[in-house]
Amino acid sequence: MIKYLKFAVLGTAVAVAGFSGSEAQAANYSCATTVQDYAASYSTYSTCAGTGNQASTISTSTAVLATAAASSAKLVSGRVASAMSGVGGVKVAANGFSASTGKAAGGYEGKIGTWVSGSWSDVEDENTDTAFDGDVFSVMGGVDYKVTSKTIVGLAFGYEDTDLDTGFNGFGGTDGSLEGKGYTIAPYIGAQIAPDVTANLTVGYSDLEYDTTRYDQFLGNAITGSTDADRYFVNAGVNGSYMYDANWHVRGTASVLYAHEEKDGYTETETNGNTIVNSDRDNDFGQVALEAKLGYVFDQMIEPYALVGVAYDFAKDDSPIAAGQSRSALEDEDFSAKFGGGVDFDLGSNVTAGIEGYTVEFLDDYNEYTVTGGLRVEF
């Protein structure tokens, strides 16, 4: 636990310092290329090593880091909210009993809880100089224990898989690629801090591996490589709830996420036998988000809802670009919104579940569609 608290303190310190020490990702150039031939979004700098090809890390773009880290953190925080409050969030009737179970809210019923949640995101950047298209998948599971009537602690484990076609560094109609996979461990804590208000904190570590393919822009030779990465993240949130007229349910969430990823240096290999040395690189992402849900409870068992959210990116790395190139909206624009909806279920016998889908909007040339689902059982 001390180790993970250190990660949280590290993230907070970096945020306060303004992330002045983060390293921007550099461009993916051939030693002899003209500036318009190459994109900069994923690449990191290293010497040409006498090959006529600039090395490209293509490790984690802003999109991958933001989507993958946010998925892991928010899958946990969503289950914590459910653990503290009932189906989906804080669902407490005016009489002080849970609207879904009839048990006294905040009691010791269901001291041990187990859960599993999954998330799938389809992401696409249509900006020519940074183009990519693919999927980011995450699954998390955990166990928690109610140490008091108002506090739970738990431990989550997860797996993520990223599969992107990177059109910006392809050749002759064949795209480059980025494939990433790894495992996450994340302790968490949740607490009721006021009537109908809960808070949660998650800190986590992910051990990742990336495999990359890109193409020489003149010869079309494939250039492949692999690198490892360590990701640290912290997510804190506050959740509020209000039941109106017995059935209408209003929920709100405010959260802050910070993720820091450290990618190892590695060597790429070209099909002609040349090798290209890549230096190690760091990448940072920080976001503050607000979200509201409006639902209607049917028979104290089913709650469909609509959601709307806004987000501000307070930290992320920009890629240097060549003359005539343009950055992705993911780097140039800090504000975004999300719209969607979902359904929460009370399946009885202390079993709850839910499914949700949303889209990210107001980022030019960028599309993201996400579906999440989860199941929780208490004993």
Side-chain angles (χ1 to χ4, degrees), residues 23-31 33 37-49 51-69 121 123-125 127-137 159-183 206-231 259 261-283 285 317 319-321 328 330-331:
E23 297 180 83
Q25 297 184 45
N28 172 28
Y29 303 122
S30 167
C31 295
T33 191
D37 285 334
Y38 290 89
S41 181
Y42 291 107
S43 307
T44 61
Y45 176 84
S46 73
T47 61
C48 292
T51 65
N53 291 289
Q54 185 78 6
S56 170
T57 301
I58 319 177
S59 289
T60 320
S61 71
T62 298
V64 175
L65 180 59
T67 303
S121 295
V123 294
E124 180 182 13
D125 187 351
N127 183 50
T128 301
D129 297 326
T130 58
F132 66 84
D133 184 15
D135 306 312
V136 180
F137 171 76
Y159 174 79
E160 71 179 62
D161 189 294
T162 297
D163 188 359
L164 297 182
D165 295 325
T166 53
F168 76 88
N169 58 9
F171 180 84
T174 301
D175 292 337
S177 66
L178 164 67
E179 296 179 357
K181 60 187 64 177
Y183 297 91
S206 300
D207 182 22
L208 306 164
E209 178 182 343
Y210 294 104
D211 298 317
T212 72
T213 301
R214 63 186 180 95
Y215 292 87
D216 177 273
Q217 300 293 291
F218 294 123
L219 303 177
N221 293 336
I223 305 170
T224 59
S226 297
T227 186
D228 297 323
D230 298 304
R231 180 190 303 152
E261 189 163 289
E262 301 173 354
K263 298 173 286 290
D264 294 342
Y266 72 104
T267 299
E268 290 178 301
T269 302
E270 192 173 355
T271 51
N272 61 12
N274 290 330
T275 58
I276 306 166
V277 177
N278 291 257
S279 59
D280 60 303
R281 285 286 156 175
D282 295 348
N283 197 18
F285 179 77
D317 292 331
S319 302
I321 57 175
S328 168
L330 290 166
E331 299 178 18

Legend entry - Set of residues satisfying side chain to side chain contact (heavy atoms under 4.5 Å, CB included) with respect to T267, sequence neighbours excluded: T275, V277
Inset, instruction - Applying side chain to side chain contact (heavy atoms under 4.5 Å, CB included), name anything that partners T271, two or more places apart in sequence or on another chain. - result: N221, A222
Legend entry - Worked check of salt bridge (charged side-chain N to carboxylate O under 4.0 Å, His left out) between E261 and R281: CA-CA 8 Å; E261 189 163 289; R281 285 286 156 175; over 6 Å; no
Inset, instruction - Salt-bridge test for E160 and R231: reply yes if a basic N is under 4.0 Å from a carboxylate O, no otherwise. - result: yes
Legend entry - With D175 via side chain to side chain donor-acceptor pair (under 3.5 Å) - residues at least two apart: none
Legend entry - Qualifying residues under ring pair (Phe, Tyr, Trp, His ring centres under 6.0 Å), relative to F171, sequence neighbours excluded: none
Inset, instruction - Examine distances only and state if a side-chain atom of T166 and a backbone atom of G176 form a donor-acceptor pair shorter than 3.5 Å. - result: yes
Inset, instruction - For Y183, enumerate each residue passing the ring pair (Phe, Tyr, Trp, His ring centres under 6.0 Å) test, keeping only those at least two apart in sequence or located in another chain. - result: Y159
Inset, instruction - With rounding to the nearest 0.5 Å, note down the distance linking NZ in K181 to CG in D207. - result: 13.0 Å
Inset, instruction - Specify the closest pair of heavy atoms between K263 and T227, including all atoms of both residues, with the distance to one decimal. - result: C-OG1, 4.4 Å
Inset, instruction - Drop me the distance from D133's CG to D163's CG, to the nearest 0.5 angstrom. - result: 10.0 Å
Legend entry - CG-CG distance between L208 and D161, expressed to the nearest 0.5 angstrom: 11.0 Å
Legend entry - Close side-chain approach of V123 to F132, heavy-atom, < 4.5 Å: yes
Inset, instruction - Could you go through the side chain to side chain contact (heavy atoms under 4.5 Å, CB included) check for E270 and D216 one step at a time? - result: CA-CA 9 Å; E270 192 173 355; D216 177 273; 4.1 Å; yes
Legend entry - Residue pair D211 / S226, side-chain donor-acceptor N/O under 3.5 Å: yes
Inset, instruction - Quick one: list whatever passes side chain to side chain contact (heavy atoms under 4.5 Å, CB included) with D228, sequence neighbours left out. - result: E209, D264
Inset, instruction - Under the side chain to side chain donor-acceptor pair (under 3.5 Å) rule, collect the residues that match up with S206, sequence neighbours excluded. - result: T184
Inset, instruction - Answer yes or no: is there a side-chain heavy-atom contact under 4.5 Å between T213 and E179? - result: no
Legend entry - L164 versus T162, closest heavy-atom pair with distance: CG-CG2, 3.9 Å
Inset, instruction - Identify the heavy atoms of Y210 and G180 that sit nearest to each other, and give their distance. - result: CD2-CA, 3.7 Å
Inset, instruction - Report yes or no: do N272 and N274 form a side-chain donor-acceptor pair below 3.5 Å? - result: yes
Inset, instruction - With rounding to the nearest 0.5 Å, note down the distance linking CG in D282 to CD in E262. - result: 5.0 Å
Inset, instruction - Go through the steps to decide whether Y215 and I223 satisfy the test side chain to side chain contact (heavy atoms under 4.5 Å, CB included), and finish with yes or no. - result: CA-CA 6 Å; Y215 292 87; I223 305 170; over 6 Å; no
Legend entry - Separation between OH of Y266 and OG of S279, rounded to the nearest 0.5 Å: 10.0 Å
